[in-house]
S.K.: 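Structure in C-alpha cells, see below.
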Amino acid sequence: MTCRALERSFYARPAIEVARALLGKILVHGPARARIVETEAYLGLTDAAAHASRGRTPRTEVIFGPPGHAYVYLIYGMYECLNVVAEPEGQAGCVLIRALEPLKGIESMRRRRSGIDRIEQLANGPGKLTLAMGITRKHNGADLTRGPLTVCGGCENDFEIGVSRRIGITKNPDLPLRFFVAGSPFVSRSVGRPLVP
DNA sequence: CAATAGATCATCT
DNA sequence: GATGATCTATTGC
C-alpha cells in the first residue's frame with residue numbers, strides 16, 4: 001500500500017489518544033522506514049513529568065504550537081528524543097516515540113548504530129531510534145504532514161495494546177501513559193513492568 | 001540477571 | 001549550578 005502522510009487532524013486530539021493511535025503507524029525519514037511500536041503521552045501544565053508543565057519557554061514553545069510537528073530535544077547531553085506534538089494549537093501535549101520496528105533502510109541504520117548486530121536492538125529506545133533514523137535537533141519544529149520526516153498509516157492494525165507506567169521519569173510516575181504493541185520484540189525492555197499483564 | 005557508574009551539555013533557577 | 005522523558009559497559013550475586 002502507498003504511504004500517505006497522516007493529516008493534521010490526526011494529531012489535533014488529546015495526547016493520550018494520539019499516543020495510542022500512533023502504534024502501528026510508519027515513521028518515515030527519507031528512505032528509512034520503521035513501524036512505531038512504543039509511545040508515551042506527555043500532557044500539559046498538570047503533568048509534572050512533561051517539559052511543558054512549566055509553561056511556555058523557548059524550548060517548549062513547539063509543544064504549545066500547532067499539532068503534527070516534531071519536538072526533538074537533547075537529553076543527558078548525549079541523546080536526542082523525538083516527540084510528536086498533539087492537541088490543538090495553544091494546548092500543550094506531545095507523544096514521545098520510544099521504540100521502532102525497522103522496515104526499510106536497515107543497512108543505513110546498522111551503520112548509524114555501529115556495534116549493534118540484532119535488528120531488535122537498532123531502535124528499541126528513544127535515544128537509539130533517533131540515531132538509527134538519522135533524526136537530530138535540526139528536525140525540531142519540522143512539519144510531519146509534509147517533508148522528508150513524516151508519519152504514515154500502517155497496513156496492520158491487528159494487535160493488542162499494552163499499557164504501563166512511563167519509563168525513566170521521577171516526577172508524576174504513576175499514570176498509565178506508556179503504550180506498546182503487546183508481544184513485540186522491538187519494544188524497549190528496560191524498566192517498567194506492564195500494569196495489565 | 002540486577003544494580004550502578006560514567007559520559008556530557010542544553011535548559012532553567 | 002543542578003538537573004535530566006538515556007545508553008552502554010562493568011561490576012556484583
Side-chain angles (χ1 to χ4, degrees), chain A residues 11 14-20 22-23 27 34 36-65 67 69-87 91-102 109-142 144 151 162-180 185-195:
Chain A
Y11 303 100
I16 296 178
E17 277 183 40
V18 177
R20 298 182 69 108
L22 278 172
L23 293 178
L27 180 66
I36 298 172
V37 297
E38 180 179 345
T39 61
E40 279 177 0
Y42 286 85
L43 314 180
L45 302 169
T46 59
D47 181 9
H51 290 170
S53 66
R54 303 203 189 238
R56 286 181 186 253
T57 69
R59 181 175 66 160
T60 62
E61 193 60 33
V62 189
I63 308 175
F64 287 85
H69 289 249
Y71 166 52
V72 186
Y73 71 96
L74 182 72
I75 186 65
Y76 298 119
M78 255 189 214
Y79 298 99
E80 282 149 311
C81 294
L82 170 67
N83 293 251
V84 169
V85 175
E87 312 272 349
Q91 303 238 359
C94 61
V95 176
L96 172 69
I97 309 300
R98 283 200 57 91
L100 303 172
E101 173 181 345
M109 295 187 196
R110 282 194 202 283
R111 251 176 273 125
R112 290 186 286 247
R113 297 265 299 134
S114 61
I116 305 301
D117 293 328
R118 296 187 38 227
I119 197 172
E120 296 88 354
Q121 301 185 151
L122 284 175
N124 63 337
K128 303 179 197 179
L129 71 88
T130 52
L131 277 173
M133 294 289 288
I135 296 167
T136 69
R137 276 167 287 168
K138 80 178 180 219
H139 295 102
N140 189 41
L144 297 175
V151 181
V163 182
S164 81
R165 288 146 65 121
R166 291 176 291 184
I167 290 177
I169 57 174
T170 54
K171 301 169 188 167
N172 199 16
D174 294 329
L175 300 178
L177 295 181
R178 172 177 177 245
F179 307 97
F180 52 94
F186 298 92
V187 166
S188 71
R189 276 197 172 262
S190 49
V191 222
R193 307 307 312 165
L195 292 176

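Just so you know, these numbers use all the heavy atoms, side chains as well, and skip hydrogens, waters and symmetry mates.
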S.K.: I want to check something: taking the side chain as every heavy atom from C-beta on, are A:Asn83 and A:Ile97 in contact at a cut-off of under 4.5 Å?
M.R.: no
S.K.: Can you tell me which residue pairs pass the salt bridge (charged side-chain N to carboxylate O under 4.0 Å, His left out) test with a partner in residues 37-52 of chain A, sequence neighbours excluded?
M.R.: A:Glu38-A:Arg98, A:Glu38-A:Arg178, A:Glu40-A:Arg98, A:Asp47-A:Arg166
S.K.: Classify the side-chain pair A:Tyr71/A:His51 by whether it contains a donor and acceptor separated by less than 3.5 Å.
M.R.: yes
S.K.: Tell me the interatomic distance from A:Met78, atom CE, to C:dA5, atom P, rounded to whole angstroms.
M.R.: 16 Å
S.K.: NZ of A:Lys128 to CE of A:Met109: how many Å apart, nearest 0.5 Å?
M.R.: 14.5 Å
S.K.: Please examine the side chains of A:Ser53 and A:Leu45, heavy atoms only from C-beta on, and report whether any two atoms are closer than 4.5 Å.
M.R.: no
S.K.: When you compare the side chain of A:Thr130 with that of A:Tyr79, does any pair of heavy atoms fall below 4.5 Å?
M.R.: no
S.K.: Hunt down any stem DNA chain B takes part in, defined as 3 or more consecutive Watson-Crick or G-U pairs whose two distances are each under 3.5 Å.
M.R.: B:1-7 with C:6-12, B:9-12 with C:1-4
S.K.: Check nucleotides 2-4 of chain C against the protein and report each pair of N or O atoms closer than 3.5 Å, with its distance, or say if there are none.
M.R.:
none

S.K.: Minimum heavy-atom separation for A:Leu100 and A:Leu129, please, with both atom names.
M.R.: CD1-CB, 3.7 Å
S.K.: Rounded to the nearest 0.5 Å, how far does CZ of A:Phe186 lie from CG of A:Leu122?
M.R.: 8.5 Å
S.K.: Find the distance A:Ile116:CD1 to C:dC7:C1' and express it as a whole number of Å.
M.R.: 9 Å
S.K.: Using a 4.0 Å cut-off to any heavy atom of chain A, which nucleotides of DNA chain B are the first and last in contact, reading 5' to 3'?
M.R.: B:dA7 to B:dC12
S.K.: List in chain and number order the residues that pass side chain to side chain contact (heavy atoms under 4.5 Å, CB included) with A:Leu74, two or more places apart in sequence or in another chain; answer none if no residue qualifies.
M.R.: A:Glu80, A:Arg137
S.K.: Identify, residue by residue, the members of residues 119-140 of chain A with a heavy atom below 4.0 Å from DNA chain C, and return them in order of residue number, or none.
M.R.: A:Gly125, A:Pro126, A:Gly127, A:Lys128
S.K.: Can you tell me how far C1' of C:dA5 sits from CG of A:Leu43, to the nearest Å?
M.R.: 13 Å
S.K.: Name the residue closer to the 5' end of DNA chain B, choosing between A:Arg54 and A:Tyr79 according to the nucleotide with the nearest heavy atom.
M.R.: A:Tyr79
S.K.: Please check this pair: side chain of A:Thr57 against backbone of A:Thr60, looking for a donor-acceptor N/O pair closer than 3.5 Å.
M.R.: yes
S.K.: Could you check if a side-chain atom of A:Leu144 sits within less than 4.5 angstrom of a side-chain atom of A:His69, using non-hydrogen atoms only?
M.R.: no
S.K.: Please report the distance, rounded to the nearest Å, between CD1 in A:Ile97 and C1' in C:dT6.
M.R.: 16 Å
S.K.: Determine whether A:Ile135 and A:Leu27 make a side-chain contact, defined as any pair of heavy atoms from C-beta on separated by less than 4.5 Å.
M.R.: yes
S.K.: What distance do A:Tyr11 atom OH and A:Cys94 atom SG have between them, rounded to the nearest 0.5 Å?
M.R.: 13.5 Å
